[in-house]
Amino acid sequence: MLTVEGVSKRFGPLLALDGVGLEVQRGEIVGFLGPNGAGKTTTMRAIMGLLTIDAGQVTWQGSPVDAAARQRFGYMPAERGMYQRMKVREHLVYYGRLSGLTAAAAATTADTWLERLGLGARGGDTVQSLSSGNQQRVQLALALINEPDLLVLDEPFAGLDPIAVETLSEVLREQVANGVALLLSSHQLDLVAEVCSAVVIVDQGRVVLQGDVNQLRATSPHRYVEVEFATPTAPIWGDASVSGGGRRHRISVSGDVDPAVMIDDARAHGRLVGYSFSPPDLSEVFLSAVGRTTVEVHGAADDAEPS
Amino acid sequence: MSDRNAMSSRAVIRLVAGREINQRLRVKSFYITTGLLVLFILAVGVVTRLAGDDDAPGVIDVAVVLDEAGDVDADVFRDVQDALEASAAAVDRGATVQFFDDIEAAQVALEDGDVDVAIDAVGQRALFDGGVDQEVFAVVQQAWALVELRTSLSDAGLEPEQIDDALTVTPLAAESVGGDEGPSGLAVLTGTLAAIMLFLSLQTFGTYVLTGVVEEKSSAVVEVLLVRARADQLLAGKVIGIGVAALTQFALAVAAGMVSLGLSGVTVPSEVWSALPITVLWFLGGFALYSTLFALAGSLVSRQEEAQTAAAPIMYALVAAYLLVFIFGYVPESMASTIMSLIPPIAPLLMPMRMAAGAASLVEVVVALVLLLAATVATWKLAARIYEQVLLRRGSRISWREALRLLRPERAGRSGASAKRK
């Protein structure tokens with residue numbers, strides 16, 4: 001199990017991490033969420049020993065993480081980093097050997113991953129000749145080359161097409177089924193909800209919420225009621241959002257509201273073709289955890305740098 | 001697992017260096033440059049040999065115009081021939097003699113290069129094509145004196161045997177005791193070429209180190225590498241790997257230089273023979289020092305466009321050291337030259353020239369090497385400390401002043417993303 005306890009890091013005037021703590025069990029995928037600049041990358045770099053931390057500690061299986069333990073970690077940085085003019089397979093073998101594999105073992109593993117990720121024919125090509133999506137697959141293979149016990153992936157889904165996302169999710173589930181502990185950051189919350197069993201949400205260097213995804217959703221004090229009419233209907237609830245040409249009406253309600261009452265109320269306005277009563281989805285949990293309403297975050301997202 | 005080994009520091013450095021060597025040896029231009037260099041150096045030797053090969057080397061061809069009328073008896077021919085051969089032998093050379101009836105024909109032979117000198121017995125002068133070759137002139141001068149003397153003695157009534165006895169002299173052996181005759185032309189030429197070659201190699205391969213480090217930093221591959229290797233191991237691997245490729249090329253050039261000297265047929269002073277192989281050692285030392293600095297310059301920038309700017313101070317230092325060779329290399333015995341050749345950044349370029357001239361004592365060479373080694377180790381230690389603190393700091397160029405400030409212990413912890421770890 002990976003344990004991060006009370007980790008703080010200051011860059012000049014900026015307190016990037018302020019006592020971050022989280023845990024990742026073996027066989028578990030933990031989603032690491034937070035707005036841009038919240039401290040996700042810094043935390044991941046701290047786990048990988050890429051920076052000195054001012055306070056706190058990082059342990060693996062109860063012992064402080066040292067170089068030997070990191071030989072068993074796999075890392076994919078947010079900014080993809082490869083020798084552009086090196087051949088793909090050679091790059092993998094080189095990194096495998098740096099990870100302590102023999103030349104033969106590194107070559108075997110490299111071939112296995114190239115095949116598995118659909119790059120079997122591209123091993124002899126230079127990295128720079130690959131599309132960005134394929135480069136990302138190679139980057140993932142680099143993280144996997146040493147058959148790691150812990151995987152730390154910084155935005156592994158960014159920029160991937162749906163097919164690549166599917167391949168990646170499949171590979172990651174397989175890894176976790178084999179007992180790997182996996183921490184991944186992402187801004188694609190629907191994907192996180194689908195792939196991760198637990199999430200850690202950070203904001204301004206602090207963990208603001210963490211736990212099992214479904215539990216977090218279930219324990220939210222809010223529920224959503226959505227009804228769909230057969231024909232466009234004028235707003236029936238004052239602050240509801242209306243979509244689908246006036247046919248779909250959605251409103252956030254307190255968790256103790258009786259859904260049957262809401263539906264009866266709606267039925268009085270027209271013929272219903274569908275209805276739902278559900279806990280908030282992950283993005284709503286996220287937004288309330290980082291203290292922003294949907295509107296504010298949409299505004300903030302426009303200013304944010306693309307990552 | 002049995003296929004997974006704990007990596008020793010040496011194994012990591014070997015892997016990193018191995019990648020550098022592979023990448024370098026993969027580039028066709030490396031072979032082309034090396035091949036052309038070796039061929040060029042060999043060609044110089046061959047051309048020198050061919051140019052000097054019209055005759056057996058060392059033979060002086062003399063034209064003699066004794067008498068415009070042409071009625072000279074055979075004894076005189078023999079005497080002139082003997083006298084020229086004897087005086088040429090005194091300077092380890094041979095002589096051939098051609099007799100001409102008129103001065104014009106002798107001059108034509110001279111201008112065509114058939115003869116090295118023409119003696120006009122009537123006008124009592126020696127004619128040269130262009131400049132006067134002092135050694136040839138001394139030889140004919142002495143032969144002329146011999147013939148004159150023999151004629152005078154004969155006129156005085158001595159028998160030929162008596163004259164032979166009288167003229168038998170044991171020549172003086174020439175020995176130099178002062179040792180301040182100055183470097184030979186060949187020593188200066190070899191030393192200059194060695195300095196040029198050293199400068200070009202240090203600059204070329206130093207630039208490879210520079211751009212290689214910038215490539216790693218700009219492509220963010222360092223972030224992946226630093227998970228597996230320490231910054232100082234990456235630095236060592238890079239310098240050693242490119243150094244091996246550089247040394248291979250340089251050693252081949254030096255070997256070609258020695259073969260070329262052997263082929264040229266020129267008499268090579270022993271100092272030149274011994275200085276040449278040691279040039280490789282100077283290259284090693286110079287490369288270790290300069291490429292460490294080039295690597296450090298590369299670690300300060302995140303874009304290739306800024307690499308030259310960051311490396312400018314080092315490039316200036318290298319060019320300055322190179323230019324000093326052309327001032328102090330030609331006065332290798334002077335105190336100033338001696339002192340300059342001990343200064344670590346200058347020594348690798350200047351010392352080979354002083355050694356080729358036979359001007360550097362063993363003590364000076366050893367002191368210069370020790371100083372260079374010490375300077376390299378010190379530079380290395382400082383560079384490694386800065387390197388690990390700046391490798392992950394992307395963005396705008398870090399100035400040298402700022403980089404040096406990182407060496408202060410109280411600031412080290414507050415720097416950006418330092419890559420320190422156990």
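Reckoned from all heavy atoms, side chains included, excluding hydrogens, waters and symmetry mates. Numbered from 1 within each chain, the chains take letters A, B, ... in sequence-line order.
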Pair A/Y83-B/Q23, side-chain donor/acceptor within less than 3.5 Å:
no

Measuring only between side-chain heavy atoms, which start at C-beta, is A/Q71 closer than 4.5 Å to A/N146?
no

Pair up each side-chain donor or acceptor in residues 27-36 of chain B with any protein partner under 3.5 Å, not counting sequence neighbours, and list the distances.
| from | atom 1 | to | atom 2 | distance (Å) |
| --- | --- | --- | --- | --- |
| B/Y31 | OH | B/L25 | O | 2.9 |
| B/T33 | OG1 | B/S29 | O | 2.5 |
| B/T34 | OG1 | B/F30 | O | 2.6 |
| B/T34 | OG1 | B/Q249 | NE2 | 2.9 |

Residues 31-64 of chain A vs ring-ring contact (aromatic ring centres under 6.0 Å, His included), sequence neighbours excluded, gives A/W60-A/F73

Looking only at A/M76, A/Q84, A/R97, A/R80, the option with the highest number of non-hydrogen pairs under 4.5 Å against chain B is A/R97

Top of B/S218, B/S219, B/G18 for chain A proximity - count of heavy-atom pairs under 4.5 angstrom
B/S219

Residues of residues 292-309 of chain B contacting chain A, heavy-atom criterion under 4.5 Å, by residue number:
none

Do B/N22 and B/R19 get their side chains close enough for a donor-acceptor pair, meaning under 3.5 Å?
no

Charged N to carboxylate O below 4.0 Å: is that the case for A/D125 and A/K87?
no

B/V222, part contacting chain A, at a heavy-atom distance under 4.5 Å
neither

B/E223 versus chain A, the contacting section by heavy-atom distance below 4.5 Å:
both

Is it the case that the side chains of A/R85 and A/T126 hold a donor-acceptor pair, with the cut-off being a distance below 3.5 Å and no angle test?
no

Out of B/V224, B/V12, B/V16, return the one with the most heavy atom pairs under 4.5 angstrom to chain A.
B/V224

Please list, one pair per line, the donor and acceptor atoms closer than 3.5 Å that link side chains of residues 207-214 of chain B to other protein atoms, with sequence neighbours excluded.
| from | atom 1 | to | atom 2 | distance (Å) |
| --- | --- | --- | --- | --- |
| B/T207 | OG1 | B/Q203 | O | 2.6 |
| B/T211 | OG1 | B/T207 | O | 3.0 |
| B/T211 | OG1 | B/Y208 | O | 3.3 |

